[in-house]
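No experiment lies behind these values; they were computed from the predicted model shown.
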Amino acid sequence: MKSNLMTRITLFIIVAISSIYFGFYFSPFTTPNLAGVPKISKNEAREKVHAILDKYGFDYTQYYEFGYFGYDASGSNYLISELGVERFQHISAADSLPINYWQFEYYQNVPKNKEEDYMRVKVSAKGKFIAFLHSPPDSVKADFITAEEAPQIARRYMENLDVVAFDEYTLQETKHQEKENRIETSLQYEKPVKGTKVKDVISINLFGTKVVSVNHYIQEPSLDTAGSFGGANILFNSFSILIYLALTLLSLLLFLKRYHNGKLSISQAAWAGIAVYLVLVIGPINSWDIWAVGNSIGGVGRFYMKFIIFGIQMIITYIFLFSNTFTAWANGDYELQGRQFRYLSGVDSIINGNFITKNVGREVPIGLAYGALIFGFMQLVSYGIMHLLGARADVSSNVSFFSSYLPIISLFTSILYFALFDEIFFRKFLVTYFKNKTKSTFYGLVISAIGYAFVNIFFNNQFDFWPSYYTLIPYFLLGLIQGWIFVQYGLLASITSGTFFITLQGVRFLFATGISGYIFDGVVVLALFALLLIIGIIGLVKGKSFKYTVEMEPAHIRRIKERTRMQKELEIAKKVQLGLLPKEQPSLKGYDIAGICIPALEVGGDYFDFIYLKDGKLGIAIADVSGKGVPAAIYMTLTKGILQSHAESTLSPKTVLSKVNNLMYRTIDRSWYVSMFYAVIDPESRKLVFSRAGHNPAIVLNRDKNDPQWLQPAGIGLGLEEGEIFSKTLVEGELQLEAGSTLIFYTDGFTEAMNTHEEEYGEERFIKFLNENDTGTANDLVNKAIMEIRRFAGEAEQHDDMTMVVLKAF
């Protein structure tokens, strides 16, 4: 058995390593950014910039400094469209055009409305000078020169820099502007880039005789198709944001509804949200140099502006993403109820401090293997999109971990954020939600993958194609595969595969630099995953299975199970109770009789019955236990048994109710009582004898529908008094039923029904309705009454049991 297991593990490792090799081999053909990665570290770039500033005479020690690595995305993407990825990568790697660079900026922390002395310097990926911009205050004076002198000064300056073959550039444009304190001259030199419509441009600005800026860049022509594609992409990205907001709203509303009903636990959900929040906070701190680049707030200085924007992000954006994770985790727990062990056993094992278990061993190695397979597969997919569908792989504007203080921390934070958020929100929540909603694993995976694709096309840059709708393909496939891993192996497996895939995507850039520090970071990250693999294998071979005990079960799961159990029991009780009611309407010559009972809850305290007596007589009973729910239902059942045991011994309703009261008083709790109207009808004499134990009076509608009669003899409820007062109070009445009259017995669930404005239906309205609708059978009148009350109540819930018996005399 162990031999077979080790064979499978070895096979997986071989396949995974082959896929990683395949992915790295294809990466240069699918990821244009790779060719332009820095070939010197940030510290080395800073030293070169400082040397340039020393030569220029700029005292950078008195200024705030920040630096980052970036790409000329628009120029690079145009070159790719003209030359293809391979030729572009050759140009990018050769450092012959200024399309990737280290940029350092120096500023004073003064308000925006104050004069600022500002300096910006760019060097290429290999450290070659590209540009600088010195923007001294307007108050600085400079020499006055002629327009003819400026090109000579610029040429001497560029020849002294000796960074380009300046003779190959032609002066195309000169702007000479005279100001109060100085003459400002702008010169633009150009040369064509072979095989393209791109221009290699050097722009030089002078304040008098002093060169204050040199900017070396490429200038691409405007594309006719770019406008149409650009408009479509903006619309497409807007649609992407709307889908994300819709999914966020879905998660929030489900959370609020379920939490209100006590169906959710928030402790683990809170920790998941906090983990994502901390990862988000660490990212900007580790990349403080590039934080808030390009943003401004009124007249706030650059330094303080960073803190303000960071605070806004922490309060708004990060809290928003925290709530996404928080609600998604809680909703995922709800959707997985009863199946937690299958999907969450590995995660729960770790949460409970058991790291080396068979549960972890089953999910971590398989997750790493699939992460490696996804990496190779996605490079193949990207290659196919480019060569079969004609899409263009785009260059992103920057790769943030090159610009951070500790690239390894930046890589880790991006890995953890995307993996944790994606797996919690899209897999644990959305896959299970849509799977349960559609009752289909296939549809659950597909719908969640579609949502994942649309959201990531805007919020992620693992894949980037032009036009951007082609980016849907790899994200959809990635979402589908990750969802399948989650369904097949569990959440820990999908988290592991997601993190490893994103890790491999990132370390490609670190290794491509050839810089020892970056390569070391990449090796450390991969070594940690190798350690995870070892831990997983040890757990699989020697670890014990983590068992999900009742004590570990979240309180809300126990509550849900208990509620489910009670619900099932109440359903059984409802069937039993309804079975105690008459199963068919009695057939009595000369009369039409119908009855109905509708509990407000699963079970109720209302009751009606037909009791066949001697000499063809029929007993009709209707009762209402004070209260609702299970206790009322129990007392209702008790009342039925006591009534039927005494009804056949005498035809006197008063005597029957007195006997019932005596036993009820000795049986039920003092805080409960039962109201009842009991009548005995003699079909031959058409005489009705009745007594009322505190119940609603019966209503008699005559043939002409004028002046309805109330049957309301005195009497108190059953179980309130031992017997002496009850018997003295109770009155027995008689009624001679005429042909065409209708007798209605009912409980107060009809007259006290309320609508959404908390307005009661009332007895007066009830009698009027009965009079106006007493045109058909007894059953017709019962059904019409039920429909009328529901129409009146509208969206309001039924708050009391409703029971009615109708007897029509022919």
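A heavy-atom distance below 4.5 Å is found between the side chains of L510 and F402. The side-chain heavy atoms of E184 and V212, taken from C-beta on, include no pair separated by under 4.5 Å. Looking at heavy atoms from C-beta onward, F463 lies out of side-chain contact with I473 at the 4.5 angstrom threshold. Taking the side chain as every heavy atom from C-beta outward, V455 and L247 approach each other to under 4.5 Å. For the pair F511/L526, a side-chain contact is recorded, criterion being any heavy-atom separation below 4.5 Å from C-beta on. Using a 4.5 Å cut-off on side-chain heavy atoms (C-beta onward), Y157 and L206 make no contact. Counting only heavy atoms from C-beta outward, the side chains of V164 and D200 never approach each other to under 4.5 Å. Looking at heavy atoms from C-beta onward, V276 lies out of side-chain contact with N324 at the 4.5 angstrom threshold.
Ring pair F509/Y518: centre-to-centre distance not below 6.0 Å. Residues W288 and Y68 place their aromatic rings such that the two centres sit no closer than 6.0 Å. For an aromatic pair to be called close, the ring centres must be under 6.0 Å apart, and F24 with F26 fails this. For Y370 and F500, the ring centers sit 6.0 Å or farther from each other.
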Test side chain to side chain contact (heavy atoms under 4.5 Å, CB included) on S76 and F88 and set out the steps. CA-CA 8 Å; S76 297; F88 165 77; 3.6 Å; yes
Under the side chain to side chain contact (heavy atoms under 4.5 Å, CB included) criterion, do Q172 and K199 qualify, and how do the steps go? CA-CA 11 Å; Q172 296 292 327; K199 295 177 182 178; over 6 Å; no
Begin from the C-alpha positions of K39 and V37 and carry the test side chain to side chain contact (heavy atoms under 4.5 Å, CB included) through to its verdict. CA-CA 6 Å; K39 299 301 180 182; V37 294; 4.1 Å; yes
Go through it in stages, so that I can follow the logic: the residues are F375 and F22, the test is side chain to side chain contact (heavy atoms under 4.5 Å, CB included), and I'd like the CA-CA distance, side-chain angles, deciding distance and then a yes or no. CA-CA 9 Å; F375 174 66; F22 180 83; over 6 Å; no
Derivation and outcome, ring-ring contact (aromatic ring centres under 6.0 Å, His included), residues Y71 and F69: CA-CA 7 Å; Y71 295 80; F69 188 80; 5.4 Å; yes
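Evaluated for a ring pair (Phe, Tyr, Trp, His ring centres under 6.0 Å) with F66, the options Y106, Y107, F104, Y405 yield exactly one hit, Y107. For the side-chain hydrogen bond (donor to acceptor under 3.5 Å, both in side chains) criterion with D117, the lone passing option out of H134, Q108, Q62 is H134.
Within 6.0 Å of the CZ atom in F459, the count of heavy atoms belonging to other residues, nucleotides or ligands exceeds 12. K128 NZ: more than 12 foreign heavy atoms inside a 6.0 Å radius. For E159, the CD atom is densely surrounded, since the number of other residues' heavy atoms within 6.0 Å is greater than 12. Heavy-atom neighbours of K42 NZ from other residues, nucleotides or ligands within 6.0 Å: above the threshold of 12. Other residues, nucleotides and ligands place no more than 12 heavy atoms under 6.0 Å from the OH atom of Y25.
Put simply, the side chain of T471 gets close to the backbone of F465: a donor and an acceptor are under 3.5 Å apart. Under the 3.5 Å distance criterion, the side-chain polar atoms of T499 are matched with a main-chain donor or acceptor of T496. In this structure, K122 contributes its side chain and N100 its backbone to no donor-acceptor pair below 3.5 Å. Using modelled atom types, no side-chain atom of S92 and backbone atom of Q89 make a donor-acceptor pair closer than 3.5 Å. No donor-acceptor pair closer than 3.5 Å links the side chain of W466 to the backbone N or O of S81. Distance alone, capped at 3.5 Å, is enough to place a donor-acceptor pair between the S404 side chain and the F401 backbone. A donor-acceptor pair is defined here as one N or O able to donate and one able to accept, closer than 3.5 Å; no such pair exists between the side chain of Y217 and the backbone of I130.
The distance from the CZ atom of F29 to the CG atom of L34 is 11.5 Å, given to the nearest 0.5 Å. In this structure, CG on N286 lies 9.0 Å from CD1 on I282, to the nearest 0.5 angstrom. Interatomic distance, CG of L133 versus CE of M119, reported as 8.0 Å (0.5 Å rounding). Separation of atoms CE (M378) and CD1 (I481) is listed at 4.5 Å; rounding is to 0.5 Å. Taken from CZ in R156 to CG in L161, the straight-line distance is 13.5 Å, to the nearest 0.5 Å. Between E82 atom CD and R392 atom CZ the span is 10.0 Å, to the nearest 0.5 Å.
The two residues S240 and I457 have their closest heavy-atom pair at OG-CG2, 3.5 Å. Taking every heavy atom of both residues into account, T185 and H176 meet most closely at OG1-ND1, 2.9 Å. Shortest non-hydrogen contact noted between R508 and Q505 is NE-O, 3.0 Å.
Between F132 and F129, the angle of the ring planes lies from 30° to 60°, which puts this pair in the tilted group. The aromatic rings of Y63 and F58 lie tilted to each other, with the angle between the two planes from 30° to 60°. Using cut-offs of 30° and 60° for the angle between ring planes, the Y244 and F425 rings count as tilted.
Between the side chains of T31 and N33, no donor N or O sits under 3.5 Å from an acceptor N or O.
In this structure, K210 satisfies the cation-pi test against Y56, with its NZ or CZ atom closer than 6.0 Å to the six-membered ring centre and inside 45 degrees of the ring normal. Because its NZ or CZ atom is not both nearer than 6.0 Å to the ring centre of Y64 and within 45° of the ring axis, K306 does not count as a cation-pi partner of that residue.
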